[in-house]
Number of protein chains: 2
Amino acid sequence: MVLYKYPGALKENGLPISNSLFFQLQKDILQGKLRAGSKLTEQRICEQYEVSRTPVREALRQLEMDGLIENIPNRGAFVIGFTERDIDDMYELRKAYEMQAVRWAIERITDEEMEELEETFEFMEFYTMKKDIEKMLNINIGFHQLIYKASGNRMLRHMLSSYQIYLKNYRLHRIYEDSYLDTVLEEHRMIFEAFKARDTEGAAKAMEKHMNSAIARRMQEKEL
Amino acid sequence: MVLYKYPGALKENGLPISNSLFFQLQKDILQGKLRAGSKLTEQRICEQYEVSRTPVREALRQLEMDGLIENIPNRGAFVIGFTERDIDDMYELRKAYEMQAVRWAIERITDEEMEELEETFEFMEFYTMKKDIEKMLNINIGFHQLIYKASGNRMLRHMLSSYQIYLKNYRLHRIYEDSYLDTVLEEHRMIFEAFKARDTEGAAKAMEKHMNSAIARRMQEKEL
DNA sequence: AGAAATATAATTGTATACAAATATACAATT
DNA sequence: AATTGTATATTTGTATACAATTATATTTCT
């Protein structure tokens, strides 16, 4: 029987409060619940999430390093806004790193990881056929994450994961039509085939195409 | 007259302790004073720097986001080591972003920034002639920082600055001979000329060459 | 009224106390 | 000797109290 636990709703997932707070605030900022330029008062966050200032401050430090807030000593934390151009830029930056990830991954992937990748791709084929968009969203992310992992570079992996989190929250309309699913599958197929053939530059090119396709889709969305 | 101040040697530069601690620990890790895999006990850091746990924990959060330590909940913080390959990789990753920075900078640079860049380059010419290596080290950094700023992307700027900090600490022997100074000047000249001509791809190519030159230099150092 | 000076409140920075989890030491058992 | 269980110590997580700074309100003076 539990005699005492720290209060608050955040203490449910096993993680320390400060970690949960970081994820929660990150979400709040990316989803626009906390507007750009607005000040994050520690006290207000404490009250909102019913926790003390210690974990709040730690979460703020993380957000600062993540580039989501600006911390001015003795003044406070302010939400940093992303302009449309910032988002455009992010797609370009991501592209460069996804291409590099694929290059390294092909050179460094283990047999086990290769099997995982193959399996994941087969799942993609299956759920594309099934037109299961929800499943596809997750498998999609998983496919890329596998490549990050196989790249064997912790930094790269971390940064690309961040881009995924960021950009996921900035997608505008989520046009996921069947035709889109098919296109993405073929783009991934090109990448996967290059992996099997150990064709480094072919894979990089295929990834570039895949990324350009995402950029083009964003442009379309912006026009709507 | 000061009646009371928080104790400790870190409280001299005006920044909060937590910030100073972050920089200090970052340096300690990058310079190898804290070995890879070793555990950072909060208490030990408190004693070493004569501060309380609060700022220490905040600094640790920042180091975690910076990728220098791994924080395992309820277990502690462990120094992450960089392998030689990690460093090699970092040069490649930096190259990709330096090239992108230069592209955007040319498209977005303001007249004022352009003047600053010109001035900086002229200083470089002067101190190269003077063979003043110390000065050159700083101006070198300044030249690149100006480009980051002109790129107009906060994220990119922050990441490239991090690479500079990281890689600076991993240079092995610091071979700065006169011949090297001259080479670097010419590489920078190519970049600067491309800026004046608003030659985006030319500048990217020049930057690529500059980065490849740095990579080659590292290879040389490794062989010694 | 407007500006400067001062007092007050609000907010951030730091230290410390306590809660909870983990690590360690040691005995009991097999 | 190895393993399990338990008590103890250490360490991390969180809350709170106080110091220092900044923001706001008030007063004072011209």
Side-chain angles (χ1 to χ4, degrees), chain A residues 1-25 29 34-35 37-65 68-80, chain B residues 1-25 29 34-35 37-65 68-80:
Chain A
M1 184 176 63
V2 177
L3 294 172
Y4 178 87
K5 278 280 184 180
Y6 295 115
L10 288 168
K11 198 58 197 169
E12 51 191 20
N13 54 7
L15 286 178
I17 292 177
S18 44
N19 285 42
S20 308
L21 256 180
F22 167 65
F23 291 124
Q24 185 60 48
L25 290 172
I29 292 174
L34 297 169
R35 226 170 313 164
S38 66
K39 183 177 175 185
L40 294 185
T41 310
E42 294 171 8
Q43 191 59 42
R44 245 196 80 262
I45 300 174
C46 293
E47 287 162 9
Q48 182 177 355
Y49 293 103
E50 298 182 81
V51 295
S52 76
R53 281 177 60 215
T54 310
V56 168
R57 285 179 61 87
E58 291 181 12
L60 289 178
R61 289 291 160 153
Q62 292 182 274
L63 290 170
E64 183 186 15
M65 297 299 288
L68 291 176
I69 65 172
E70 183 182 6
N71 217 309
I72 304 178
N74 292 313
R75 298 285 299 277
F78 301 85
V79 178
I80 288 181
Chain B
M1 184 176 63
V2 177
L3 295 172
Y4 178 88
K5 278 279 184 180
Y6 294 115
L10 288 168
K11 198 59 198 168
E12 51 191 19
N13 55 6
L15 286 178
I17 292 177
S18 44
N19 285 42
S20 308
L21 257 180
F22 166 66
F23 291 124
Q24 185 59 49
L25 291 172
I29 292 174
L34 297 170
R35 225 171 315 162
S38 66
K39 184 176 174 184
L40 296 184
T41 310
E42 294 171 9
Q43 191 58 41
R44 244 196 81 262
I45 301 174
C46 294
E47 287 162 9
Q48 181 176 356
Y49 293 103
E50 298 182 80
V51 296
S52 75
R53 282 178 60 216
T54 310
V56 169
R57 286 180 58 87
E58 290 180 13
L60 289 179
R61 290 290 170 173
Q62 292 181 276
L63 290 171
E64 183 186 15
M65 296 299 288
L68 291 175
I69 66 173
E70 183 182 5
N71 217 310
I72 304 178
N74 292 313
R75 297 285 300 278
F78 301 85
V79 178
I80 287 182

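Chain identifiers are assigned alphabetically (A, B, ...) following the order of the sequence lines, protein sequences preceding nucleic acid strands; residue numbering begins at 1 within each chain.
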(request) Fill in the dot-bracket string of DNA chain C, one character per base: . for unpaired, | for a pair to another strand, ( ) or [ ] for pairs within the strand, taking Watson-Crick or G-U pairs under 3.5 Å. (result) ||||||||||||||||||||||||||||||

(request) Name all residues meeting the salt bridge (Lys or Arg N to Asp or Glu O under 4.0 Å) criterion together with A/E42; count only those two or more places apart in sequence or in a different chain, and write none if there are none. (result) A/R53, A/R57

Which pair of heavy atoms, one from [X] and one from [Y], lies closest together, and at what distance?
| X | Y | result |
| --- | --- | --- |
| B/I69 | B/L60 | CD1-O, 3.2 Å |
| B/R61 | A/N19 | NH1-OD1, 2.8 Å |
| B/C46 | B/V56 | SG-CG2, 3.9 Å |
| A/S18 | A/Q62 | O-OE1, 4.0 Å |
| A/G37 | A/F78 | O-CD2, 3.8 Å |

(message) If I take atom CG from residue B/L68 and atom CD1 from residue B/I29, how far apart are they, to the nearest 0.5 angstrom?
(response) 5.0 Å

(message) To the closest 0.5 Å, what do you measure between CG (A/L63) and CE (B/M65)?
(response) 7.5 Å

Whole Å only: how far is the [atom1] atom of [X] from the [atom2] atom of [N]?
| X | N | atom1 | atom2 | answer |
| --- | --- | --- | --- | --- |
| B/F22 | C/dG13 | CZ | C1' | 18 Å |
| A/N71 | C/dG13 | CG | C1' | 11 Å |
| B/L21 | C/dT14 | CG | C1' | 12 Å |

(request) Output yes when at least one side-chain N/O atom of B/R75 is less than 4.0 Å from OP1 or OP2 of D/dG13, else no. (result) no

(request) Output the residues of residues 37-45 of chain B in contact with DNA chain D, where contact means a heavy atom of the residue under 4.0 Å from an atom of the strand; sort by number or write none. (result) B/K39, B/L40, B/T41, B/E42

(message) Taking side chain to side chain contact (heavy atoms under 4.5 Å, CB included) as the definition, give me every residue that meets it alongside A/R44, ordered by chain and number, with sequence neighbours left out.
(response) A/T41, A/Q48

(message) I need the residues from residues 52-63 of chain A with at least one non-hydrogen atom less than 4.0 Å from DNA chain C; give them sorted by number, or say none.
(response) A/R53, A/R57

(request) Using side-chain hydrogen bond (donor to acceptor under 3.5 Å, both in side chains) as the criterion, list what pairs up with B/N71, not counting sequence neighbours. (result) none

